[in-house]
S.K.: 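First the structure, which I've put down as structure tokens, then a few questions once you've had a look.
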There are 2 protein chains.
Amino acid sequence: MALAARKMPVQPRAQATVEAILAAAAGILEREGPTRLTTNAVAAQAGVSIGSLYQYFPNKQALTAALIERSSGSLETSVVQAGRDAKTMLFEAGLRLLVRTIVRHQLDRPGLERTLAYEGRRLPVDDGAARRVNVVIRSFLEQHRGRLWGSDINAAADDVQSMTRSLTDASVRRGDRNADLIELRVVRALRGYLCR
Amino acid sequence: MALAARKMPVQPRAQATVEAILAAAAGILEREGPTRLTTNAVAAQAGVSIGSLYQYFPNKQALTAALIERSSGSLETSVVQAGRDAKTMLFEAGLRLLVRTIVRHQLDRPGLERTLAYEGRRLPVDDGAARRVNVVIRSFLEQHRGRLWGSDINAAADDVQSMTRSLTDASVRRGDRNADLIELRVVRALRGYLCR
DNA sequence: ACCTGAACACCGTTCAAGT
DNA sequence: ACCTGAACACCGTTCAAGT
């Protein structure tokens, strides 16, 4: 199953078409969940014909894959900056900054992010941006290796993201979207998890 | 959308039909994911006609809902026992026991459990067993309220499950299914998260 | 009480025809 | 280069007919 975009839009009109398709897909995923994400509904809400959709996306999953890559890309941008800043900070402050960055990203559109995270594990998306996010976190942790519970830094970087996402998600589900409070709780959990 | 079973099988033959349907649904969800869960595929693999399936389940989602309730039911059984035992233990040991119970349950069929957890949030399942699991954890935490970061014990009980599930899941995804090691890491994270 | 499978509406995807 | 919508295979669900 290929997920790559089938063809790049070159004319501005076509770029607008692709934007409208992706915006419609994101909206449907966010409001109604993956079950309601039908190619017909996406095309209708985007105001284009079903044929146009298939000119740029080879199948339905490619829509989700494209949204995943966009989301990872924007997270990468902010995490790379945060990683740079964290380099000059004490462990505690740097961790807090990285966590804040991930929490804010997820709070931007929590329902959409949760769906994308789940779908991303079932689809063979080759998500370079997500890997680079992991690298930034790993570098930060390596810088403070001495404080940490040794063993597997790669796994630790992975778990930093898992825990941040799941605690944010659980918090949103309870109706609490206060970024500062979530950040505080996540950092508390991560300190216990990472440090010896 | 109704998710309740449409009709209870009374004759042994019919009970076998329902069992075969649910076993087929679980197998497909586990091996191929929710996209491949089609009512036709379930009926075919269960060796019954599509009509029989709809005699007991009002729609496709009801299959998933039934699997969720079975899973929660079996978790409830073991968590209730663990909660009883934990009552006489020190905080650290009791927490470890509860965590172990949840980790073991999830490691039993990790792929299936992950799917069910996600689907459970999108479906209006009225999961009494899951609520009772939460109550057991909450009672345990309340017993040690003095040690904890005050505020919201209900949220804390919720987060105990979120963190346990997400760390177990992340670990399995990396290929590490060692229950003891996972338990150790989860308890470390939870101690930092819960205790002041 | 339980089972069956043809029938119908709808969804994913293609393709020939257009500008 | 881009757009359109009829067409086809398949899936969810029903229902009349059976044991």
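FYI, side chains are in, hydrogens and waters are out, and symmetry mates aren't considered; it's all heavy atoms of this structure. Just so we're clear, the structure is a prediction, and the values are computed from it rather than from any experiment. Below, chains carry the letters A, B, ... as their sequence lines are ordered, and counting in each starts from 1.
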S.K.: Does B/Arg6 reach a base, just sugar-phosphate, or nothing at all? Heavy atoms under 4.0 Å.
M.R.: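 Sugar-phosphate only.
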S.K.: From CG of A/Asn40 over to P of C/dC10, roughly how many Å is that when rounded to an integer?
M.R.: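 Value for this atom pair: 11 Å.
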S.K.: Would one find more than 12 heavy atoms of other residues, nucleotides or ligands at under 6.0 Å from atom CZ of B/Arg121?
M.R.: yes
S.K.: D/dT13, OP1 or OP2 - any side-chain N/O from B/Tyr54 closer than 4.0 Å?
M.R.: yes
S.K.: Side chain of B/Ile50, heavy atoms from C-beta onward: which of D/dT13, C/dC2, C/dG12 has the nearest atom to it?
M.R.: D/dT13
S.K.: Name the pairing partner of D/dA1, where a pair is Watson-Crick or G-U wobble with both distances under 3.5 Å, or state none.
M.R.: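 Pair assignment: D/dA1 / C/dT19.
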S.K.: Measure CD1/B/Ile28 against C1'/D/dC11 and give the value in whole Å, please.
M.R.: 13 Å
S.K.: Using the side-chain contact (heavy atoms from CB on, under 4.5 Å) definition, which of the options A/Ile21, A/Thr17, A/Asn40 pairs with A/Leu53?
M.R.: A/Ile21
S.K.: Let me know the distance between CG of A/Leu63 and P of C/dC11, rounded to the nearest Å.
M.R.: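 It is 15 Å, rounded to the nearest whole Å.
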S.K.: What is the distance from NZ of B/Lys7 to C1' of C/dA1, rounded to the nearest Å?
M.R.: 6 Å
S.K.: Please tell me if B/Thr39 has a side-chain N or O lying less than 4.0 Å from either OP1 or OP2 of D/dC11.
M.R.: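 No, outside the criterion.
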S.K.: In whole angstrom, give the distance that lies between atom CG of B/Asn59 and atom P of D/dG12.
M.R.: 11 Å
S.K.: Going by side-chain heavy atoms closer than 4.5 Å, which hydrophobic residues are tied to A/Tyr118, directly or by a chain of links?
M.R.: B/Tyr118
S.K.: Looking at B/Ser52, I'd like to know whether one of its side-chain N or O atoms comes within less than 4.0 Å of OP1 or OP2 on C/dT4.
M.R.: yes
S.K.: Would you say the rings of B/Tyr193 and A/Tyr193 are close, in the sense that their centroids are separated by under 6.0 Å?
M.R.: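 Ring-ring flag for A/Tyr193/B/Tyr193: false, centres at least 6.0 Å apart.
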S.K.: Does A/Leu75 offer a backbone N or O that forms a donor-acceptor pair with the side chain of A/Ser78 under 3.5 Å?
M.R.: yes
S.K.: Which nucleotide wins on minimum distance to the side chain of B/Val10, given the candidates D/dC2, C/dT13, C/dA1?
M.R.: C/dA1
S.K.: Show me the protein contacts with nucleotides 17-19 of chain D, counting only N or O atoms at under 3.5 Å.
M.R.:
none

S.K.: Heavy-atom count around B/Arg36 CZ within 6.0 Å, excluding the residue itself: above 12?
M.R.: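 No, because the 6.0 Å sphere around CZ of B/Arg36 holds 12 heavy atoms or fewer from other groups.
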S.K.: Do the side-chain N and O atoms of B/Arg177 and B/Ser171 include a donor-acceptor pair separated by under 3.5 angstrom?
M.R.: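 Result is no, nothing qualifies.
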S.K.: I want to verify a distance call: between C/dT13, D/dG12, C/dC2, whose nearest atom is closest to the B/Thr38 side chain?
M.R.: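 The nucleotide sitting nearest to the side chain is D/dG12.
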S.K.: To the nearest angstrom, how far is B/Phe57 atom CZ from D/dT14 atom P?
M.R.: 15 Å
S.K.: Rounded to whole angstroms, how far apart are OH on B/Tyr56 and P on D/dG12?
M.R.: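 Roughly 20 Å, once rounded to whole Å.
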S.K.: Would you mind reading off the distance between A/Ile21 atom CD1 and D/dC2 atom P, rounded to a whole angstrom?
M.R.: 12 Å
S.K.: Does a side-chain N or O from A/Thr17 land closer than 4.0 Å to OP1 or OP2 of D/dC3, or not?
M.R.: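 So the side chain of A/Thr17 is within the cut-off, an N or O lying under 4.0 Å from OP1 or OP2 of D/dC3.
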